[in-house]
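Written out below as structure tokens is the structure these notes cover.
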Amino acid sequence: MDLMNCSNENASDSNSKLPSSRYKGVVPQPNGRWGAQIYEKHQRVWLGTFNGQEEAAKAYDIASLRFRGVDAITNFKQSSLSITADDHEDEAFFLQSHSKAEIVDMLRKHSYTKELQLFKHTNGGKRIKYNDIDLMNIHIQKEWLFEKVLTPSDVGRLNRFVIPKQQAEKHFPLMDSEAKGVLLNFEDVLGNVWRFRYCFWSSSQSYVLTKGWTRFVKEKKVKAGDVVRFHRSSSMGDDKNLFIDCTPRNTDDEVSRFPETTSSVDEPLMEPVQDQDGVIRLFGVNIVESNIADSRTYTCFQYM
DNA sequence: CAATGTGTTGAA
DNA sequence: TCAACACATTGG
């Protein structure tokens, strides 16, 4: 092994240049170890340092799969210890069930394998055969963000929607320069795009959607008690990457023009759920429960 | 002090 | 996007 490296093997030689790696996303470190990195949106995301370049290459592979999807180019055929198709599917599901920041954090802490094992184990007894819809969902990488039950004031005359502070800061961080507000585009299940002004109201210390919200309430006919859900597509597409989705109460007075308002009398799958507790959803359907959110906290990154 | 990770550039 | 290179920053 190692017969390919013609010139420099030793990092101890301070005169020579650092040895290159044959693996994508792997860069040499001055001390002879190896760094892993991946680029997104013109900037580097550091994935940590590793003893061997193969280890670093695997870290890159995992990040690549999470950032760019199942068809991403990788160094190895499969990322970790996944051998069977089910294992591979489980890992894809695991990747999609965590934010990019969480995956990066695991890589930097070298805890990815541990977390994946835990994930598989806690789901071991009740392994699910995912259907085509689920796989498609994984493929397009739509990730669950959070949901909120609409309060009376959310649909009242205040013309604003309060995003729970914890969710707002987690999913829609505002820089100080943006405190005045930014415009966010959300796509609904019909492909319609809704544009809202999103800002922080210092008087009430709350994050709100303002301009555009009332129109949404009116046209979707949402009422207090209805649920609004937020998703994000983590595949590329800088613009159409946020999604909004709601379950309007059935209206007796008018034929619904919206498919998603169809009566759910014989739709057994829909049920409300708390996010941030490890409940995993695909298309709003609970697939499996886990306890992944029980312990660890992850450092905050700019990207998702 | 050693190791990590960023600033930066030039190539593709 | 990507790796090479220099080195500022981190952290033990």
Side-chain angles (χ1 to χ4, degrees), chain A residues 1-80 91-92 95-96 98-116 138-143 169-171 173-178 185 232-242 295-304:
Chain A
M1 32 203 108
D2 286 342
L3 11 94
M4 295 296 289
N5 289 337
C6 41
S7 50
N8 309 300
E9 279 291 313
N10 299 334
S12 54
D13 187 348
S14 57
N15 267 342
S16 62
K17 295 181 177 182
L18 265 33
S20 296
S21 173
R22 58 184 174 282
Y23 296 115
K24 187 174 176 59
V26 178
V27 294
Q29 291 296 94
N31 58 355
R33 302 180 79 232
W34 299 89
Q37 61 186 21
I38 190 171
Y39 282 80
E40 183 187 60
K41 182 60 185 177
H42 296 304
Q43 70 182 23
R44 168 178 48 206
V45 176
W46 188 253
L47 305 175
T49 55
F50 306 85
N51 288 324
Q53 42 181 317
E54 288 76 16
E55 195 185 351
K58 284 182 179 179
Y60 172 86
D61 285 1
I62 292 161
S64 183
L65 290 173
R66 179 57 184 82
F67 279 60
R68 297 165 183 175
V70 293
D71 295 325
I73 295 174
T74 54
N75 290 295
F76 305 107
K77 280 185 174 298
Q78 299 190 155
S79 58
S80 63
E91 182 162 5
L95 284 169
Q96 282 316 112
H98 293 78
S99 69
K100 292 178 185 176
E102 287 172 329
I103 298 298
V104 169
D105 216 35
M106 293 177 201
L107 295 174
R108 292 175 72 147
K109 291 179 185 168
H110 297 193
S111 66
Y112 175 84
T113 301
K114 210 173 307 172
E115 300 280 2
L116 176 58
I138 288 172
H139 189 71
I140 65 176
Q141 301 198 346
K142 187 179 287 187
E143 76 174 292
E169 292 176 349
K170 178 178 180 182
H171 301 297
L174 273 179
M175 278 159 276
D176 290 332
S177 59
E178 296 173 324
N185 292 322
R232 179 194 303 274
S233 166
S234 48
S235 57
M236 18 269 130
D238 292 333
D239 205 7
K240 301 175 58 178
N241 60 344
L242 292 173
S295 53
R296 289 146 295 279
T297 57
Y298 296 95
T299 54
C300 185
F301 292 81
Q302 297 273 359
Y303 51 87
M304 278 302 298

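Throughout, protein chains are lettered first and strands after them, A, B, ... in sequence-line order, and every chain is numbered starting at 1. Computation of the quantities below employed the complete heavy-atom set of this structure, encompassing side-chain atoms and omitting hydrogens, waters and symmetry-equivalent molecules.
In this structure, the CZ atom of A/R22 is 19 Å from the P atom of C/dC2, given to the nearest Å. For A/H42 and C/dC2, the NE2 to C1' distance is 13 Å, given to the nearest whole Å. Rounded to an integer number of Å, the gap from A/L47 CG to B/dT6 C1' is 14 Å. For the pair A/E40 CD and B/dT6 C1', the computed distance is 17 Å after rounding to whole Å. C/dC2 atom C1' lies 15 Å from atom CZ of A/F67, rounded to whole Å. In this structure, A/R108 atom CZ and C/dT10 atom P are separated by 13 Å, rounded to whole Å. Remark: P of C/dT10 and CH2 of A/W46 are 16 Å apart, rounded to the nearest angstrom. Rounded to whole Å, atom C1' of C/dG11 lies 14 Å from atom CG of A/N31.
If you check distances only, the side chain of A/Q29 does reach the base of B/dG5 with a donor-acceptor pair under 3.5 Å.
Side-chain atoms of A/I73 and A/Y60, non-hydrogen and from C-beta on, never get closer than 4.5 Å to each other. For the pair A/I38 and A/R68, the minimum side-chain heavy-atom distance is below 4.5 Å. In this structure the side chain of A/D61 never reaches within 4.5 angstrom of the side chain of A/Y23, judged on heavy atoms. With contacts defined as side-chain heavy-atom distances shorter than 4.5 Å, the pair A/L47/A/V104 qualifies.
When each of C/dT1, C/dA3, B/dG5 is scored by its nearest atom to the side-chain atoms of A/R68, the top-ranked nucleotide is C/dT1. Listed nucleotides C/dA4, C/dA3, B/dT6 differ in distance to A/P28; the shortest reach to its side chain belongs to C/dA4.
Using a 4.0 Å heavy-atom criterion, one finds that A/G35 contacts no nucleic acid atom at all.
Relative orientation of the A/H110 and A/F50 rings is parallel, given thresholds of 30° and 60° on the angle between their planes.
Residue A/S20 places at least one side-chain N or O closer than 4.0 Å to OP1 or OP2 of C/dA4. For A/K17 and C/dC5, the shortest distance from a side-chain N or O to OP1 or OP2 is below 4.0 Å.
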In B/S/- notation (B base, S sugar-phosphate only, - none; protein heavy atoms under 4.0 Å), nucleotides 7-12 of chain B written 5' to 3' is BB----

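Proximity of a side-chain donor or acceptor of A/R66 to a complementary backbone N or O of A/H98 within less than 3.5 Å is detected.
Side-chain polar atoms of A/Q29 and A/T49 form no donor-acceptor pair below 3.5 angstrom.
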